[in-house]
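The structure appears below as structure tokens.
When reading the values below, keep in mind they use all heavy atoms of this one structure, side chains included, and skip hydrogens, waters and symmetry mates. Throughout, protein chains are lettered first and strands after them, A, B, ... in sequence-line order, and every chain is numbered starting at 1.
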Protein chains: 2
Amino acid sequence: MGVTKRFIHSDYINEIAQVAKVFSHPARLAILKHISEQESCICNDLVDEIGLSQATISQHLTVIADAGLLKGTFKGKAKCYCINLETFEHFRVLLNSFFVTTKLKCC
Amino acid sequence: MGVTKRFIHSDYINEIAQVAKVFSHPARLAILKHISEQESCICNDLVDEIGLSQATISQHLTVIADAGLLKGTFKGKAKCYCINLETFEHFRVLLNSFFVTTKLKCC
DNA sequence: TCGTAATATTGCAATATTACGATAATATTG
DNA sequence: CAATATTATCGTAATATTGCAATATTACGA
């Protein structure tokens, strides 16, 4: 089918899966890395740095932004992206919580 | 195209993306949770607990096992699964490292 | 060895994802 | 306003993923 049956799982499980999905593509990780290293970043820079087309980079940026991981402002012609640290930290804690709570009960 | 261009990224980035992918499906998270809560687990129990077919559960178990997250032994007719804590902890540290190192350099 | 129970594999249909070229939209500069 | 630069969106092709029924395999007990 190709469609994930989310309704059979808890909200907690679904949220973690959704968060993990954002980080499950190397291009998105690379984008996050690049943005973090430059404090702010222009999409066109990313196109040069990473070897993907502008359209593809823009798509990945949308996924990252939809997850709430970006704060975008305009600076000159280019859109200036910045990582939303609050969301980023929230995701770190969320993912870690899965590991910790799972580990505690394991054999 | 549908095919991820892994060769343009570093091994580190690719490894983290691969790990995140394992955790990016709610069924796999649910399976890990169930196994951890029962110390050991039979696939058929998972089929009852989670609302997916035996074939689908088995497929997800393969993905989890291929990642090195399971230790499987035989107990009676059923296969007894147990989480590989070393790998599990390794993955936790790996994912966390991405967050920590990215965060440190961010604006 | 035969039957049974449990798990794995195969094949398929439906949907999702990835990637890119073309083009549109938006903002800045002249 | 026109030209330019930058980013977003659309359409499309190729591949991946998800899920299940059917079947195969495996292990055990009679």
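For the pair B:Leu61 CG and D:dG19 C1', the computed distance is 15 Å after rounding to whole Å. The nearest whole Å value for the distance from the CD1 atom in A:Ile64 to the P atom in D:dA8 is 12 Å. To the nearest angstrom, C1' of C:dT17 lies 15 Å from CG of A:Asp66. Summarising the geometry, the separation between CZ on B:Arg28 and P on D:dT18 is reported as 5 Å, rounded to the nearest angstrom. Going from atom CZ of A:Phe7 over to atom C1' of D:dT18 covers 13 Å, rounded to whole Å. Note: CD (B:Gln18) to C1' (D:dA16) measures 14 Å, nearest angstrom. For A:Ile31 and D:dT7, the CD1 to P distance is 12 Å, given to the nearest whole Å. Put simply, NE2 on A:His9 is 11 Å from C1' on D:dT18, counting in whole angstrom units.
In the set C:dC20, C:dA16, D:dA16, C:dC20 carries the atom at the smallest distance from any side-chain atom of B:Lys5. Among D:dC20, D:dT18, D:dT9, the nucleotide with an atom closest to any side-chain atom of B:Leu52 is D:dC20. Candidate nucleotides C:dG21, C:dT17, D:dC20 were compared by shortest atom distance to the side chain of B:Thr56, and D:dC20 ranks first.
Between B:Phe98 and A:Phe23, the ring planes are perpendicular. Angles over 60° get that label, and only those under 30° would be called parallel.
Among the protein residues, B:Thr4 comes within range of the sugar-phosphate backbone only, with heavy atoms under 4.0 Å from sugar or phosphate atoms but none that close to a base.
Under the Watson-Crick or G-U wobble criterion, with both distances below 3.5 Å, C:dT29 is paired with D:dA2. Pairing for D:dC28 goes to C:dG3, judged as Watson-Crick or G-U wobble with the two contacts each under 3.5 Å. Using N1 to N3 plus N6-O4 or O6-N4 for Watson-Crick, or N1-O2 and O6-N3 for G-U wobble, each under 3.5 Å, C:dA24 pairs with D:dT7.
The side chain of A:Lys21 places no N or O atom within less than 4.0 Å of a non-bridging phosphate oxygen (OP1 or OP2) of C:dA16. Look at A:Ser58 and you'll find a side-chain N or O under 4.0 angstrom from OP1 or OP2 of D:dA8. OP1 or OP2 of C:dA8 sits under 4.0 Å from a side-chain N or O of B:Tyr81. Contact check, B:His60 against D:dG19: a side-chain N or O comes under 4.0 Å of OP1 or OP2.
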key: Verdict with reasoning, A:Leu29 to A:His25, per side chain to side chain contact (heavy atoms under 4.5 Å, CB included)   = CA-CA 7 Å; A:Leu29 296 178; A:His25 196 287; over 6 Å; no
task = Carefully, step by step, assess B:Asn96 and A:Asn96 under the rule side chain to side chain contact (heavy atoms under 4.5 Å, CB included).
result = CA-CA 7 Å; B:Asn96 204 61; A:Asn96 203 61; 4.1 Å; yes
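Not a single donor-acceptor contact under 3.5 angstrom links the side-chain atoms of A:Gln59 to the base of D:dA8. Within 3.5 Å, a donor on the side chain of A:Gln54 pairs with an acceptor on the base of D:dA8, or the reverse.
Inter-residue side-chain proximity for B:Ile35 and B:Leu69 is flagged as unmet; no heavy-atom pair is nearer than 4.5 Å.
For the pair B:Ala55 and B:His25, both in contact range of DNA chain D, the more 5′-proximal nearest nucleotide belongs to B:His25.
In this structure, a donor-acceptor pair under 3.5 Å is present between the side chains of B:Thr101 and A:Lys33.
Rounded to the nearest 0.5 angstrom, A:Leu70 CG and A:Ile64 CD1 are separated by 6.0 Å.
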